[in-house]
Amino acid sequence: KQEVTQIPAALSVPEGENLVLNCSFTDSAIYNLQWFRQDPGKGLTSLLLIQSSQREQTSGRLNASLDKSSGRSTLYIAASQPGDSATYLCAVRPGQAGTALIFGKGTTLSVSS
Amino acid sequence: GAVVSQHPSRVICKSGTSVKIECRSLDFQATTMFWYRQFPKQSLMLMATSNEGSKATYEQGVEKDKFLINHASLTLSTLTVTSAHPEDSSFYICSARELAEKLFFGSGTQLSVL
């Protein structure tokens with residue numbers, strides 16, 4: 001059974017710092033991996049999606065990498081801002097077509113000004 | 001981009017009442033919709049998979065008679081929490097899959113049962 005783990009559970013940094021969020025999954029047979037942002041009591045905002053054949057994706061200050069063989073992904077946030085404060089969720093889509101995402105518990109990020 | 005509309009965004013109800021949550025795909029046909037539940041500081045957990053025109057498939061531990069799912073059309077799925085109890089208080093969110101296999105999420109429903 002696929003399990004997704006995110007470390008750390010919470011992170012506090014001063015504005016301007018570069019940071020890395022980690023995600024690991026137990027079954028390397030995935031269709032894709034996705035990083036989301038969730039603000040308190042809100043839905044999900046998709047940040048980056050990495051297909052199983054890709055190694056990384058970039059969007060603005062965000063960069064996500066995928067090492068499928070080792071079951072790991074990282075989300076790199078450059079020059080963090082207070083507006084980046086949120087919970088970041090990693091989710092994998094198992095290899096079968098039409099399946100739902102399996103989520104980690106998330107990393108709650110707080111960026112102080 | 002594709003939009004999934006979920007209503008209501010917040011609902012407070014008395015114990016024993018039923019609550020219906022709607023999930024609509026506004027500009028695409030969703031052959032499959034997924035319903036998730038999220039307790040505070042926990043991960044989103046899949047409750048059930050809903051396919052248009054057929055019965056939903058529930059995950060282990062989710063009571064199908066308590067969480068009624070109807071996916072009557074390619075743009076609408078509903079989740080009804082029947083005889084709600086305080087332990088059902090949670091954040092419920094739907095996800096719709098379009099033909100190109102992309103997934104889109106609703107904005108979620110915060111249910112509080114008194």
Side-chain angles (χ1 to χ4, degrees), chain A residues 1-11 21-27 30-54 57 59 86-110, chain B residues 1-11 21 23 30-52 54 56-62 69 77 89-112:
Chain A
K1 178 184 175 185
Q2 179 72 272
E3 292 183 0
V4 180
T5 303
Q6 289 187 248
I7 295 172
L11 182 62
L21 307 182
N22 297 292
C23 173
S24 62
F25 46 96
T26 54
D27 188 344
I30 63 171
Y31 186 76
N32 59 40
L33 182 144
Q34 201 162 355
W35 284 92
F36 294 89
R37 170 184 173 138
Q38 184 178 29
D39 292 284
K42 303 290 185 181
L44 306 180
T45 301
S46 178
L47 299 173
L48 291 164
L49 183 149
I50 311 176
Q51 300 293 350
S52 62
S53 59
Q54 298 175 322
Q57 284 286 330
S59 176
T87 295
Y88 290 81
L89 299 172
C90 169
V92 300
R93 191 162 174 191
Q96 307 94 314
T99 52
L101 297 180
I102 299 173
F103 286 84
K105 290 186 177 181
T107 294
T108 299
L109 173 65
S110 176
Chain B
V3 176
V4 174
S5 174
Q6 185 173 342
H7 292 281
S9 59
R10 181 177 292 273
V11 58
I21 303 170
C23 182
T31 55
T32 303
M33 287 190 179
F34 304 98
W35 286 95
Y36 292 84
R37 177 169 56 183
Q38 184 182 34
F39 292 108
K41 298 190 185 301
Q42 296 297 313
S43 175
L44 278 78
M45 296 299 294
L46 180 67
M47 297 176 66
T49 301
S50 164
N51 292 299
E52 184 267 337
S54 62
T57 302
Y58 291 81
E59 296 299 300
Q60 190 174 10
V62 179
I69 292 174
S77 177
S89 297
S90 184
F91 185 73
Y92 294 84
I93 190 167
C94 68
S95 172
R97 179 173 68 93
E98 60 158 21
L99 292 176
E101 292 290 326
K102 290 185 178 179
L103 296 172
F104 300 93
F105 283 82
S107 55
T109 298
Q110 185 64 52
L111 171 64
S112 298

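Reckoned from all heavy atoms, side chains included, excluding hydrogens, waters and symmetry mates. All chains are named by letter (A, B, ...) in the order of the sequence lines, taking the proteins before the strands, and each is independently numbered beginning at 1.
At distances below 3.5 Å, not a single donor-acceptor pair connects side-chain atoms of B/Ser107 with backbone N or O atoms of A/Gly43.
In this structure, A/Leu44 CG and B/Gln38 CD are separated by 7.5 Å, a value rounded to the nearest 0.5 Å. Atom CG of residue B/Leu103 and atom CZ of residue A/Arg93 lie 4.5 Å apart, to the nearest 0.5 angstrom.
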Discussion item. The test is side-chain contact (heavy atoms from CB on, under 4.5 Å); show your working for B/Tyr36 and A/Leu101 and say whether it passes.
Written reply: CA-CA 10 Å; B/Tyr36 292 84; A/Leu101 297 180; 3.6 Å; yes
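Between A/Gly104 and B/Ser43, the closest heavy-atom pair is O-OG, 2.9 Å. Nearest heavy atoms, A/Lys42 versus B/Phe91: O-CZ, 3.2 Å.
In terms of the ring-ring contact (aromatic ring centres under 6.0 Å, His included) criterion, residue partners of A/Phe36 (sequence neighbours excluded) are, by chain and number, A/Phe103, B/Phe105.
Applying the salt bridge (Lys or Arg N to Asp or Glu O under 4.0 Å) test to pairs two or more places apart or on separate chains, none has a residue in residues 31-52 of chain B.
With a threshold of 4.5 angstrom between heavy atoms, A/Gln6 does not approach chain B through any atom at all. Looking at B/Leu44, the atoms closer than 4.5 Å to chain A (heavy atoms on both sides) sit in the backbone and in the side chain alike.
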